[in-house]
Every structure is written in C-alpha cells, then in structure tokens.
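Take a look at the structure set out below.
For the numbers below, each heavy atom of this structure counts, side chains included, while hydrogens, waters and symmetry mates do not.
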There are 2 protein chains.
Amino acid sequence: MAKVTRDDVARLAGTSTAVVSYVINDGPRPVAPATRERVLAAIKELGYRPDRVAQAMASRRTDLIGLIVPDARQPFFAEMAHAVEQAAADRGKMVLVGNSDYLDEREVHYLRAFLGMRVSGLILISQGPSERAAAEIEAWDARVVLLHRRPEAIDDVAVVLDDVGGAQMVTRHLLEHGHEYVACLGGVESTPAYGDPVTDHVEGWRRAMKEAGRSTDGRLFQAPYNRYDTYRVALDLLAGPDRPPALVCATDDQAIGVLRAARELGIDVPGELAVAGFDDVKEAALTDPPLTTVGSDREAMARAAVDLVLDDGVRTTGSRRERVRQFPSGLVVRRSCGCGG
Amino acid sequence: MAKVTRDDVARLAGTSTAVVSYVINDGPRPVAPATRERVLAAIKELGYRPDRVAQAMASRRTDLIGLIVPDARQPFFAEMAHAVEQAAADRGKMVLVGNSDYLDEREVHYLRAFLGMRVSGLILISQGPSERAAAEIEAWDARVVLLHRRPEAIDDVAVVLDDVGGAQMVTRHLLEHGHEYVACLGGVESTPAYGDPVTDHVEGWRRAMKEAGRSTDGRLFQAPYNRYDTYRVALDLLAGPDRPPALVCATDDQAIGVLRAARELGIDVPGELAVAGFDDVKEAALTDPPLTTVGSDREAMARAAVDLVLDDGVRTTGSRRERVRQFPSGLVVRRSCGCGG
DNA sequence: ATGTGGGATATTGTCGATGACAAGAAGGAT
DNA sequence: ATCCTTCTTGTCATCGACAATATCCCACAT
C-alpha cells in the first residue's frame with residue numbers, strides 16, 4: 001500500500017495542498033466550512049496521516065519533549081517519568097524517555113539523539129558531574145530544565161525539592177522517638193556533588209543531628225541507590241557490632257533494601273531499628289512495616305518542569321538561585337519509624 | 001547560535017555537500033583520504049551534528065524502534081523494556097517507549113505517533129482485543145512484532161513464552177509438596193483473551209490440576225495485575241473461611257501483593273500458605289520469603305523481537321502458528337513454595 | 001596524441017510537509 | 001458599472017539531508 005500524502009488528499013478534495021495543511025493544523029489562514037468538510041472527508045476516506053517527520057522538517061518544530069532519567073526501572077524514576085508524561089500529554093506533547101544508566105556517555109548519547117530529533121525541550125534528571133552534557137546543551141543552545149538534581153556544570157532552570165529540609169524533618173522525627181542517635185545511609189559517590197539530592201539528604205541529617213547536639217562521626221554509611229545492592233550492604237551493617245538504633249536512608253529504594261536485610265537478620269523494625277526513607281514511592285505504603293518517608297507533590301513538579309520547558313522564562317537571566325524552582329517536602333509518617341500501629 | 005548545517009561544513013572543507021554525506025555515513029561513494037580528513041576536521045571545528053529529522057526525511061529511514069507497553073512502572077514491563085533497549089542498542093537502534101496504560105486509545109495513539117515518526121519497526125506488548133491497533137497497523141503496512149502477548153486481532157510475527165507449560169510446571173511443583181489442591185489467582189478480564197499470558201497461565205494451572213485428578217471448581221480467583229490492588233483482594237481471599245493451602249499467581253507482582261497480605265494477616269508462607277508467581281522479576285529474589293516463580297530468558301526474547309523487527313521474515317507468509325516464536329519457560333525454585341530454607 | 005576506464009567530486013531532484021505571499025472570488029460602496 | 005475590501009484558496013520557496021546521475025580528472029594503454 002503506497003503511502004498516502006497530502007497531495008492525494010488535496011487531489012481528492014479538489015483543493016490545493018495548502019488548504020489541506022490549513023485544515024490539519026487549523027491556521028494560519030481560515031478555511032471555508034464547506035471546503036473543510038470536503039478535506040476532512042478526503043482525509044478519512046484515504047486514511048491519511050500527516051508524516052510527522054515531514055511536518056517537523058517544514059515547521060522546524062515537534063511536539064516532543066525529551067526526558068532523560070538515570071534508570072527507569074527504579075520506582076522513583078518510573079513514577080517521575082510517568083508524571084512527566086501525564087503533564088506533557090495535558091499540553092499535547094509526547095515524551096521520549098532515555099535511560100542514562102548512570103553513565104555520562106549514555107546521557108550525552110540521548111541528549112544528542114533527542115536534540116537531533118528536534119525535541120522542543122529537554123527535561124533532565126541528570127547524574128554525575130555532567131560536564132559533557134553541559135557542553136552538548138551549550139552547543140545546541142537547547143531548552144533544558146533540570147529536574148530533581150542539579151549538577152554544578154549545568155546552569156539551567158531547575159525544578160527541585162527541598163531535600164535538605166525534608167531530610168532534616170525525618171531525622172528530627174526519628175530523634176523525637178528518643179533514639180540516642182540516628183545514622184544515615186547515603187550514596188556511594190566519592191565526591192559529594194553539588195545539587196545532588198542524596199548529598200542534600202545527608203546535609204539535612206547532619207543539621208538535625210547538630211541541632212540536637214549529637215555527633216555524626218562514623219554514623220554516615222554508604223550504599224548504591226538500589227534495593228538489591230543496599231540489601232547486601234545492610235546485611236553487614238546491621239549484623240555488625242554497633243548497629244544504629246535508627247537509620248534514615250537517602251532513598252526509599254535503599255530503605256526497602258534495609259528493611260529486607262533487617263528481616264533476614266531477625267531484627268524487628270521499628271522495635272530494634274527505626275527506619276525512614278525518602279521519596280515516598282508508591283511501594284513505601286506496602287512494605288512491612290509501612291515506610292515512614294519524605295514525600296513531595298510529584299505531579300506538581302512534573303507539571304512545573306513541563307511548563308518551564310515549553311514556556312518562556314527558561315533561558316531568562318537571573319542569578320542561579322532565582323532560576324531554581326524549589327518545592328516543599330513533607331513528612332509521611334507510617335510505622336517504620338515507630339509511630340502508630 | 002545559528003544552526004550548523006551540512007552546507008557550512010562543505011564550505012569550510014572546500015568540497016561539495018555530497019562529499020560530506022559520504023563521509024558521514026561512509027558510502028555510497030568512496031572519498032579520498034585527504035578529503036575525508038578535511039571534512040572531519042570541518043565537522044569537528046563547527047561542532048556539526050547531522051539533523052536527524054532531515055536525515056529521516058531524505059533517506060526514508062530512521063534508526064528508531066517503537067515499543068509499546070501497558071505500563072512501564074510495573075517491574076516486568078520495565079525489565080522487558082530495558083532488555084529491548086539493550087538489544088536495540090547492540091544493533092545501533094534507539095527505542096522509543098510508549099505506555100498504553102492498558103487503554104486501547106493510548107495504544108493506538110502511540111502506534112500512530114511512532115509510525116508517523118517513521119520508526120523502522122514496532123514491538124508491541126499489547127493489551128485488550130486491540131482491533132483498533134490492528135486496523136492501524138494494517139493501514140500503515142507497518143513492521144510489527146508482538147511480544148509477550150498475542151491478541152487475536154493482530155496477526156503479526158510474535159515472540160512469546162511457553163506460558164501454559166510454565167504455569168503447568170509450577171502448579172505441578174506445588175502439588176508435589178503435598179497440598180490437597182492449588183488455587184490460582186488470574187487476571188480480571190471478563191472475556192478470556194486468546195494469546196493472553198495470564199489466560200494461558202490459568203490454562204496451565206487447569207491442566208496440572210486435571211492431570212493430578214484435582215478439581216478446579218471455585219478455585220480460580222481474580223485480581224488486577226498489580227501488587228497494590230492484589231494486596232486488597234488477597235486480604236479478603238486469605239481471611240476468608242476456605243483459604244487455599246497453595247496459590248499460584250499469574251504474575252510476580254500479584255504474588256508480591258499476596259505475600260504482603262499474608263504477612264498482614266499473620267499467615268506463614270510457606271508454612272500455612274504456599275505461593276508462587278510468574279515472570280521472575282528481579283524483585284522476586286528479595287521478597288520474604290523469596291518467591292518461587294517461572295522465569296524465562298528475557299534478554300533472548302528481547303533480542304529475538306528486535307531481530308525480527310529489523311530483519312526479514314517479518315511479513316513472511318505462513319500459518320499463524322509458524323510465525324510465532326515460542327521460548328521455553330523454566331521453574332525458578334525459591335522458598336515461597338516450601339522448598340529449601 | 002588520442003582514447004578510455006574508473007575513482008573522486010559536483011549537481012540536482014527528492015522526501016512531505018509548512019507558511020509567506022500572490023491571486024482570485026464575492027460582496028459592498030460609490 | 002467600477003473599484004475596493006475582505007475572505008479563501010493557490011503557488012511556490014523552503015526546511016536539511018540523501019543518493020542517483022552527471023562530470024571531472026588523470027593515469028594508462030594503444
């Protein structure tokens with residue numbers, strides 16, 4: 001079956017090709033109702049679908065938004081990606097998702113690929129220092145909005161959470177339960193990265209500990225960002241001689257790994273070990289015990305990111321601070337901290 | 001910064017535009033080494049990136065593969081999507097992922113969108129009867145490979161698992177543990193769909209029960225395909241008067257919901273209730289107890305799907321049967337069935 | 001010298017739409 | 001009737017690359 005083009009439609013409708021275009025994306029010129037009907041009928045009869053590639057070519061636009069995440073298999077990113085898709089769909093845009101797999105190289109790869117596809121904007125949940133990504137963005141003069149994480153190298157508009165405040169909040173909460181101290185499970189990055197949520201979580205924990213007059217020395221542990229590796233790390237940590245009485249994790253996924261390890265070792269949560277996570281992924285409500293964590297309005301953040309990337313104000317001037325849109329985080333109390341029952 | 005086009009490169013390198021193309025995708029004509037060097041230098045100096053849209057326009061090809069899944073937030077689909085991405089990357093293709101959210105309308109939406117973007121092929125993990133999808137595929141004369149599920153309406157090449165055999169296998173295994181009978185937790189579809197894995201799982205369970213001389217009457221239950229809803233359904237099911245001694249679930253995600261409900265109710269697994277899932281998602285190894293399930297070589301299936309969609313033989317003739325590539329499933333024994341410890 | 005073969009490079013039509021601009025038609029005012 | 005408006009519709013250059021075809025250049029055989 002040969003491809004149906006706009007010319008075929010025009011021929012059948014007895015009009016010019018321009019009119020067909022006018023009907024399709026109503027504008028830029030008005031079309032007489034009768035003509036419109038004929039064109040519509042022809043389109044339906046032939047089963048014509050405009051070729052998006054050609055449209056993009058001619059109009060120099062697309063209704064695509066690129067979204068790059070570290071790993072869409074992780075619940076948090078999956079949920080965030082879904083929220084972005086929804087927000088984009090509400091504005092008639094489609095989202096292309098790329099997984100960087102926490103690799104600089106793949107991040108740049110997708111950046112290039114998406115930009116080459118002329119996406120109308122890019123939302124980036126970055127990883128690592130991202131200097132190469134920054135260079136790429138610069139080279140293309142691309143519209144980019146950073147989401148969730150804000151690498152120092154990339155100076156674009158960002159939509160982030162109050163990570164420090166959130167972590168401080170949970171830590172305080174755990175402290176209020178009367179634990180002698182609260183340990184922290186952070187990430188594995190060697191160099192604490194500026195603008196990194198996990199780094200901020202650690203900072204929040206530090207502040208809460210300090211204001212409570214507790215020392216943080218030797219109480220910060222590290223684990224990868226996924227439940228599987230964290231599970232292994234936690235087995236050691238919890239089986240060791242100085243198991244902390246309470247532990248705040250930088251992400252829910254890590255907390256889930258910890259919970260699993262605790263069960264394996266027969267450690268009662270929250271009786272013998274209080275645990276808290278961060279992110280409030282859907283699954284946090286279904287762990288055993290349900291996980292106390294820090295939540296945010298993910299839909300609102302996704303919407304903000306989409307709006308920023310599509311509307312003005314993205315490449316506005318202003319200090320770095322002013323170009324960051326920070327959302328509040330809220331404590332989600334469940335049972336893993338020792339509350340309720 | 002104005003966009004750098006191929007013409008700019010040609011000008012700087014002092015050659016014609018065609019030569020630049022020849023260098024970029026070496027061919028179809030040879031280029032003298034010296035010239036190639038000059039072109040390469042010019043490309044680097046200008047930071048030139050070929051415009052993918054224009055390339056697609058002119059060459060009538062893209063290196064894109066569309067993948068439509070019901071919901072990428074579910075572990076199984078997320079893992080499958082990842083495997084497809086890997087397989088595609090190995091062949092130099094990029095994957096575009098769309099979520100149908102189990103809606104016919106969105107399935108067609110993505111089908112249209114991807115086809116309009118001239119993807120070189122489509123891999124479809126379909127849902128529902130998909131008549132509209134079938135019509136769309138027909139209209140575009142698209143290269144489609146069905147993965148995981150094979151709706152009756154769409155008669156394309158398919159890559160599937162031996163779902164019946166797998167379910168039969170686990171059911172037998174549970175039966176061998178000496179349970180009086182094994183109940184089954186299937187999906188919620190009103191009309192059992194042809195080519196649907198879950199329907200096949202139920203069929204496998206039925207066969208295993210029959211060959212063991214057990215009745216299946218009143219022993220088939222239903223729940224949605226995700227852990228959250230299944231958790232609620234399971235609370236009722238397990239708290240009821242005739243709780244089954246063993247339960248095979250149509251998916252791991254459901255089994256995880258069941259496990260959670262059992263814990264909530266204080267029912268020991270596998271002591272008081274043996275549980276098995278299907279899919280062997282990564283998480284199955286980390287549940288408590290670890291989940292006995294049915295696995296498959298996901299990478300091989302993804303590779304097969306990608307190969308089929310890119311190579312010949314896709315629209316080959318042959319009976320429906322012959323155009324289905326079925327992979328074997330294998331029992332993954334862990335502890336939720338009562339084995340080991 | 002002249003012809004010739006073939007590798008390297010240039011020219012150009014094409015893909016399928018968009019949208020600026022030109023042009024045509026219809027209706028109103030003078 | 002003639003001339004403007006105003007509303008619709010048609011023409012065509014354009015987007016940025018590909019690739020078929022044409023052309024050039026030069027070594028080599030005759």
Side-chain angles (χ1 to χ4, degrees), chain A residues 1-40 42-43 46-64 112-113 115-120 140, chain B residues 1-40 42-43 46-64 112-113 115-120 140:
Chain A
M1 183 184 314
K3 172 148 209 163
V4 179
T5 73
R6 199 191 43 163
D7 296 35
D8 301 318
V9 176
R11 202 169 310 121
L12 178 60
T15 68
S16 74
T17 58
V19 173
V20 177
S21 283
Y22 299 158
V23 170
I24 290 170
N25 25 262
D26 44 26
R29 312 231 67 85
V31 175
T35 314
R36 151 171 271 108
E37 285 314 314
R38 262 186 303 133
V39 172
L40 255 20
I43 288 178
L46 296 175
Y48 166 72
R49 311 281 179 214
D51 182 317
R52 320 281 290 215
V53 172
Q55 283 183 315
M57 183 75 202
S59 68
R60 297 168 252 309
R61 287 184 273 97
T62 62
D63 47 5
L64 300 175
R112 253 205 253 294
L115 257 10
M117 292 171 79
R118 300 202 198 161
V119 294
S120 51
W140 289 82
Chain B
M1 183 184 313
K3 171 148 211 163
V4 179
T5 73
R6 200 191 42 163
D7 295 35
D8 300 319
V9 176
R11 201 171 310 122
L12 178 60
T15 69
S16 75
T17 59
V19 173
V20 178
S21 282
Y22 299 158
V23 171
I24 289 171
N25 26 263
D26 43 26
R29 313 231 71 86
V31 174
T35 314
R36 153 173 268 108
E37 285 313 313
R38 263 185 302 133
V39 171
L40 255 21
I43 287 177
L46 296 174
Y48 167 71
R49 310 280 180 214
D51 183 317
R52 321 279 290 211
V53 173
Q55 284 184 316
M57 184 76 202
S59 67
R60 292 169 258 306
R61 287 184 274 95
T62 61
D63 46 6
L64 301 175
R112 254 205 254 293
L115 257 9
M117 291 172 79
R118 299 202 199 162
V119 293
S120 51
W140 289 82

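For residues 4-19 of chain B, every residue pair satisfying the salt bridge (Lys or Arg N to Asp or Glu O under 4.0 Å) rule, not counting sequence neighbours, is listed here: B:Asp8-B:Arg11.
Legend: residues meeting side-chain contact (heavy atoms from CB on, under 4.5 Å) with A:Leu12, ordered by chain and number and at least two apart, are A:Ala42, A:Glu45, A:Leu46. B:Asp26 pairs by the salt bridge (charged side-chain N to carboxylate O under 4.0 Å, His left out) definition with nothing, not counting sequence neighbours. With sequence neighbours excluded, the residues that form a side-chain contact (heavy atoms from CB on, under 4.5 Å) with B:Ala113 are A:Met94. The side-chain hydrogen bond (donor to acceptor under 3.5 Å, both in side chains) check on B:Asn25 picks up nothing, with sequence neighbours excluded. Applying the side-chain contact (heavy atoms from CB on, under 4.5 Å) criterion to A:Ala54, with sequence neighbours excluded, gives A:Asp51, B:Met57. In this structure A:Arg61 satisfies the salt bridge (charged side-chain N to carboxylate O under 4.0 Å, His left out) test with no other residue, sequence neighbours excluded. Residues passing the salt bridge (charged side-chain N to carboxylate O under 4.0 Å, His left out) test with A:Arg60, sequence neighbours excluded: none.
Between the CG atom of A:Asp26 and the C1' atom of C:dG19 there is a distance of 15 Å, given to the nearest Å.
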At under 4.0 Å between heavy atoms, which parts of nucleotides 16-28 of chain D does protein reach? Answer with one letter per nucleotide, 5' to 3': B base, S sugar-phosphate only, - none.
BBBBBB-------
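For residues 32-39 of chain A, proximity to DNA chain C is found at no residue, defined as any non-hydrogen atom under 4.0 angstrom from a strand atom.
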Just the atom pairs and distances: protein N or O near nucleotides 4-7 of chain C's N or O, under 3.5 Å.
none

Throw together a table of side-chain donor-acceptor distances under 3.5 angstrom for residues 29-40 of chain A, partners on residues two or more places apart or in other chains.
unit_1	atom_1	unit_2	atom_2	d
A:Arg38	NH1	A:Ala13	O	2.5

